[in-house]
Amino acid sequence: MSKTIFALVDCNNFYASCEKLFRPDLTHTPVVVLSNNDGCVVARSKEAKKLGIKMGVPVFQVRELMRQQGVLAFSSNYALYADISQRVMSTLEMLAPRVEVYSIDEAFLDLSGLQQLQSLTEFGHGIRQRIQKWQGISVCVGIAPSKTLAKLANHAAKTWPQTAGVVDLTDKARQRKLLALLPVGEVWGIGGKLTKRLQQLGINTALQLADANPNYIRQHFSVVVERTVRELNGESCLALEEMAATKKQIISSRSFGERITNKPQMAEAISEYISRACTKLRQEQQQAKHLTVFLRTSPFSDKDTPYSASKSIELDMPGSDTRLFLSKAMQLLDALWVNGHRYAKAGVMLADFYDPGVYQPGLFDQPANFEQQQQQTAADQKLMQLMDKLNAKHSKTIWFASQGAKQEWGMKRELLSPAYTTNWQQLPVAK
DNA sequence: TCTGGGGTCCTAGGACCC
DNA sequence: TCTGGGGTCCTAGGACCC
C-alpha cells in the first residue's frame, strides 16, 4: 500500500478572474469584487492586491484610493462564479480519479500511487495548463502527504513566482525548509486567536508548531490543533471526502440595503429568507424540525441602541413545507419585534434534519393526527415540488405574497456584471 | 452614511439521573 | 447537623474556514 498523496488545486483570485473572463479589455485593470450590499471587498485581482487593497475592508475606506487608481468594482455575481466553478471541477474530475470539491474555488485530489507513473510536479503543470486552456482560469497546485501540508504547498506556489504555480512538498527536508519560513498563522486551522496564544508559548513559525509535542498541544488547546501538528509532520489525519456530507443546518440571512424600521417590511424579509431556506431544504431532500429567527441592529453603529435577539421553535413533526415554516416564523417575529430600532440584518435557520418518512413520533404524541397529517403531506409535497420546478427555470416565477413584490429592503447590487454563462439574454457577444 | 454570508467542529458548563 | 461522585445529554458560545 503506497502512501497517500494529496494535491490542493486552488483558483487564483477566483471571483476577480471570473469577472475578467469575458472582458479582455480589463486584462491589466485592477478589479475588486464586493460582498452583498456592496459592503466589503471580498476578492481582488493581482493588480488590486498590488495597490494594497486588503481582503475584507469596507469599501468606503478604500473608495478614494480606488478612484485615484482606476480600480473597477463589481457586485458579487454568484450565478457566474458557481457556473465557472462547476466547469473547473468537472475538468479536475477528468484528470484525477478522486476529487473532493472543498469550496467554490478549491479542490483536493487524491494522487496516491501516481508517483510511480509520472513526476508529480509535471502532473501539477498538466492540471494548470488544461484549466487555463479550457476555462481560462489560472490555478496553483500544492502537493503533499497531508491536506494541511498541501495547503501550505499551495500557498508557496502562489507566493513565489519561480515555482511557476506548482509545489511538490513530498520531500521531508523540503517540508521543513518551507515550514521554517512561514509564520504559524499561515497554517490551515490556525486563526487569529490561536496565533496569539501560540506566540505566548514561544511558537511563532509553522516549523515550531510542527515540532511541538502533540500531547502538550492537546492539553493546552484541543484535539483539532493536535491533529494540525500531526498533519504538519506528514501524518494524514484528514481524509479525502468525495461525497458531500448532508447538511446539518441551513441558514438564510442578509444585511438590508437600507435599515428596516417597520414590522411589515421585516415580515417580508423573513418570508423571503424562509422561502429560500425551505427551497434549499427540499433540494437536500431533508425535513427540519427546528426553526430559529433572528434580528439585529448594526454592531458597528455607536448611535443606535444595540438590539440582537433570536427565538426558536420545535415543530411537532419535521417538515419542508414553506407555508408551515412561514406561519411559525411570523409567530416568532411577533415575539422578537421591538419598535424603534433600526434593524440592519435578519435571518432564519433550519436545523434538526430527518430523511423524509423516518421520524419516530414520541410516546405521547397523538397517533390519530399522524394519518391525517400524512395524507395532507402528500398533497403538500406535490405543491412544493411544482413550485420548485417552476422556480428552477426562472427564479421567482411564483412566490408567496408575504415575500413582497418590491422588497425595498433588498440588497444593493449596483455594480453587477451580466450573467454571461447562465442567461441567454446576456451571453457575451464576439465583435 | 457606508462594515458579507454560510457553514463546521469542539468545549465548557448546567441539568438531570442514579 | 452532616450533604458524593460519576455519567449523559443538551445548549451556548468560541474558533475556524472559504
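Note that these values count all heavy atoms, side chains included, but never hydrogens, waters or copies made by symmetry. Keep in mind that what you see is a predicted model, and the values were worked out from it rather than measured. All chains are named by letter (A, B, ...) in the order of the sequence lines, taking the proteins before the strands, and each is independently numbered beginning at 1.
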Measure the distance from CD1 on A/I190 to C1' on C/dA15 and round it to the nearest whole Å. 11 Å

Nearest-angstrom distance from the residue atom OH of A/Y102 to C1' of C/dC18: 7 Å

In whole angstroms, how far is the P atom of B/dG6 from the CG atom of A/L281? 15 Å

With nearest nucleotides of DNA chain B determined for A/F300 and A/K247 from heavy-atom distances, which residue corresponds to the more 5′ nucleotide? A/F300

Worked check of side chain to side chain contact (heavy atoms under 4.5 Å, CB included) between A/D355 and A/Q286: CA-CA 5 Å; A/D355 290 323; A/Q286 293 279 293; 2.7 Å; yes

Short side-chain N/O contact to C/dA15 OP1/OP2 from A/R197, under 4.0 Å: no

Describe the nucleic acid contact of A/I104 in one word from base, sugar-phosphate, nothing, applying a heavy-atom distance below 4.0 Å. nothing

Between protein and nucleic acid, restricted to nucleotides 9-11 of chain B and to nitrogen or oxygen atoms under 3.5 Å apart, what atom pairs and distances do you find?
from, atom 1, to, atom 2, distance (Å)
B/dC9, OP2, A/K248, NZ, 2.9

Applying salt bridge (charged side-chain N to carboxylate O under 4.0 Å, His left out) to A/R176 and A/D211, what does each step give before you reach the verdict? CA-CA 10 Å; A/R176 295 187 65 83; A/D211 286 340; 2.9 Å; yes

Taking 4.0 Å as the cut-off, does a side-chain nitrogen or oxygen of A/K151 come that near to OP1 or OP2 on C/dC18? yes

How does DNA chain C look in dot-bracket notation if pairs are Watson-Crick or G-U with both distances under 3.5 Å, crossing ones as [ ], other-strand ones as |? ....||||||||||||||

Side-chain N,O (A/K280) to OP1/OP2 (B/dG5) below 4.0 Å: no

When all nucleic acid strands are considered with a 4.0 Å heavy-atom cut-off, which category describes A/L34: base, sugar-phosphate, or nothing? nothing

Using 4.0 Å as the upper bound for N to carboxylate O, is an ion pair formed by A/D168 and A/R174? no

Does any donor atom in the side chain of A/S236 or A/S146 lie under 3.5 Å from an acceptor atom in the other side chain? no

Across the strands shown, which category fits A/R259 at heavy-atom distances under 4.0 angstrom: base, sugar-phosphate, nothing? sugar-phosphate

Which residues pass the ring pair (Phe, Tyr, Trp, His ring centres under 6.0 Å) test with A/F108, not counting sequence neighbours? A/Y102, A/W188

Using the C1' atom as the point on both nucleotides, what is the distance between B/dG4 and C/dC17, in whole Å? 15 Å

Taking the nucleotide of DNA chain B with the closest heavy atom to each, which residue, A/Y78 or A/I251, is nearer the 5' end? A/Y78

Distance flag, aromatic centroids of A/W337 and A/Y307, threshold under 6.0 Å: no

Would you say A/V41 and A/V33 make side-chain contact, with heavy atoms under 4.5 Å? no

side-chain N/O A/S255 vs B/dG5 OP1/OP2, d < 4.0 Å: yes

Please report, rounded to the nearest Å, how far the C1' atom of B/dG6 is from the CG atom of A/N37. 15 Å

A/Y216 and A/H220 aromatic ring geometry - parallel, tilted or perpendicular at 30°/60° bounds: tilted

Tell me whether the OP1 or OP2 atom of B/dT1 has a side-chain N or O from A/K303 closer than 4.0 Å. no

Compare every heavy atom of A/L194 with every heavy atom of A/G189, then report the nearest pair and how far apart it is. O-CD1, 3.6 Å

Distance in angstrom units between A/K196 NZ and C/dG14 P, rounded: 16 Å

With a 4.5 Å cut-off on side-chain heavy atoms, are A/K147 and A/E100 touching? yes

Under-4.0 Å side-chain N/O to phosphate OP1/OP2 contact, A/S252 with B/dG5: no

If I take atom NZ in residue A/K158 and atom P in nucleotide C/dC18, what distance separates them, rounded to the nearest angstrom? 11 Å

